[in-house]
Amino acid sequence: MSCLFSLLSLKVNLLAIVILSRGKCGLSTCTTRYLVAMAMADLLFIIIDVILWQISYYYFPQSFLHITPVCSVIKVLFRAAADCSVWTTVTFSFDRFVAICCQKLNIKYCSGKTAAMVLATTCILFCLKNIPFYFTFEPVEIIDNVPWGCYLRPSCYTEPGWQGFDWFDTILTALLPFGLILFINALTVRHILVASRVRKGLRRQCKGGNRSDPEMESRRKSMILLFTISGSFILLWLFAVLDFFYYIITGTDPRDYNDSEYIFAEFGYMSQVLSCCTNTFIYVVTQSKLREQFKSAVKYPFTSIIQLINKQHN
């Protein structure tokens with residue numbers, strides 16, 4: 001089921017990248033670049049996790065992808081793609097916070113050039129950060145002097161250096177983004193509530209105060225997109241965060257988990273994977289123009305076939 005959902009998400013992400021890149025969805029250049037980057041990070045995550053790992057694991061167990069150096073690189077790319085997916089969500093949340101709450105900084109920060117620089121820097125740093133994971137794996141077996149499989153070295157659970165790096169990775173990939181998104185959203189909600197009360201008060205004092213307010217409508221749409229994406233992230237990463245705190249508080253080694261603990265940990269991992277597959281679905285649900293573009297793209301092959309058939313009959 002997870003593979004089917006991931007393959008569906010693969011197609012939707014590809015379609016989203018094409019549609020958003022055309023720039024006909026009524027979004028600013030800045031917002032479009034963040035959404036394209038998030039879709040590309042999710043797409044890369046799905047390709048690595050589903051195609052390069054899960055499908056090859058179940059259907060091609062003796063392929064070159066399972067040679068230790070190759071599968072170690074895949075594991076590193078998997079983590080890097082997950083980090084990029086998470087932190088593009090954080091940078092997008094901060095961008096929307098600036099656009100809504102910081103009018104002076106908005107002009108300089110919320111631009112296509114700044115978005116490209118922030119996204120490129122973020123992805124490069126997290127790719128470099130995950131390089132040490134390449135050295136955490138050892139072969140499961142060696143056949144004809146060729147190492148096969150990727151097994152996490154036992155020393156990663158005992159050596160202080162690797163334990164410290166694991167802490168750093170968990171804080172940077174799960175806990176810090178979790179806290180930042182909650183904090184940014186809280187500030188954004190506070191600002192919008194205050195601004196709404198002020199604008200409503202001013203409009204009551206003016207003639208025609210009952211007419212729609214384009215500024216508040218624009219903020220409302222930005223808020224819906226921001227809260228839906230960040231809320232989905234918080235909900236789906238919650239189980240992984242709880243599992244981390246359980247591991248820290250109880251001191252239980254994950255290798256010694258009982259059945260219920262193992263199921264909870266695996267559910268946390270599954271929800272992390274799901275988090276990297278849902279953003280594009282959220283765009284489609286919350287953005288009317290994007291929905292229209294999606295409908296047109298889906299209908300296009302069928303309408304083209306019908307037109308071709310009609311031409312041949314005529």
Side-chain angles (χ1 to χ4, degrees), residues 2-3 5-55 73-96 99 110-131 133 172-174 177 180-181 222 225-226 228-230 232-233 236-237 272-287 289-291 293-294 297-298:
S2 61
C3 284
F5 180 81
S6 297
L7 290 173
L8 175 62
S9 182
L10 176 69
K11 296 178 182 179
V12 175
N13 274 291
L14 276 171
L15 191 58
I17 292 170
V18 173
I19 292 173
L20 288 167
S21 299
R22 295 175 63 194
K24 295 183 179 180
C25 297
L27 301 171
S28 66
T29 303
C30 178
T31 301
T32 299
R33 289 190 174 179
Y34 278 106
L35 295 182
V36 169
M38 292 164 71
M40 290 181 68
D42 291 350
L43 178 65
L44 181 61
F45 179 90
I46 295 165
I47 290 173
I48 294 170
D49 180 53
V50 177
I51 297 177
L52 293 184
W53 189 245
Q54 292 191 26
I55 291 179
V73 170
I74 292 175
K75 296 279 190 179
V76 171
L77 292 176
F78 171 81
R79 287 180 173 271
D83 285 354
C84 289
S85 178
V86 169
W87 279 93
T88 49
T89 304
V90 176
T91 54
F92 172 73
S93 299
F94 182 73
D95 175 82
R96 292 300 85 200
C110 298
S111 65
K113 183 178 179 180
T114 302
M117 183 180 66
V118 169
L119 291 167
T121 303
T122 300
C123 292
I124 290 171
L125 288 177
F126 279 99
C127 286
L128 294 174
K129 167 252 176 187
N130 284 286
I131 290 177
F133 280 111
L172 197 61
T173 305
L180 282 174
I181 288 177
S222 295
L225 179 60
L226 169 64
T228 309
I229 290 177
S230 56
S232 170
F233 171 83
L236 293 174
W237 277 82
Q272 288 180 43
V273 174
L274 186 62
S275 174
C276 295
C277 302
T278 55
N279 283 336
T280 304
F281 292 98
I282 293 172
Y283 311 155
V284 176
V285 171
T286 58
Q287 300 295 303
K289 290 187 177 180
L290 187 56
R291 286 200 301 273
Q293 292 288 327
F294 259 91
V298 172

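Bear in mind that the values here come from a model prediction, so they are computed numbers and not experimental data. Below, each value reflects all heavy atoms present in this structure, side chains not excepted, and no hydrogens, waters or symmetry copies. Numbering of residues begins at 1 and proceeds along the displayed sequence.
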Is there a side-chain contact between [X] and [Y] (heavy atoms, below 4.5 Å)?
X    : Y   : result
C30  : D95 : yes
L77  : V73 : yes
S111 : T29 : no
L20  : M38 : no

Atom of [X], atom of [Y] and distance for their closest heavy-atom approach:
X    : Y    : answer
T88  : S85  : OG1-O, 3.0 Å
N130 : A80  : ND2-CA, 3.5 Å
F92  : T31  : CE1-CG2, 4.0 Å
W87  : T122 : CB-CG2, 3.8 Å
S21  : I17  : OG-O, 2.5 Å
A81  : I48  : CB-CD1, 4.2 Å

Can you tell me how far [atom2] of [Y] sits from [atom1] of [X], rounded to the nearest 0.5 angstrom?
X    : Y    : atom1 : atom2 : answer
L125 : D83  : CG    : CG    : 11.0 Å
F126 : L128 : CZ    : CG    : 11.0 Å
R33  : K113 : CZ    : NZ    : 10.5 Å
L119 : I124 : CG    : CD1   : 11.0 Å

Criterion side-chain contact (heavy atoms from CB on, under 4.5 Å) on F94 and T91, from CA distance to verdict = CA-CA 5 Å; F94 182 73; T91 54; 5.7 Å; no
Check: S93 side chain, T89 main-chain N or O, donor-acceptor pair, under 3.5 Å =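 The answer is yes, because a donor-acceptor pair under 3.5 Å joins these two groups.
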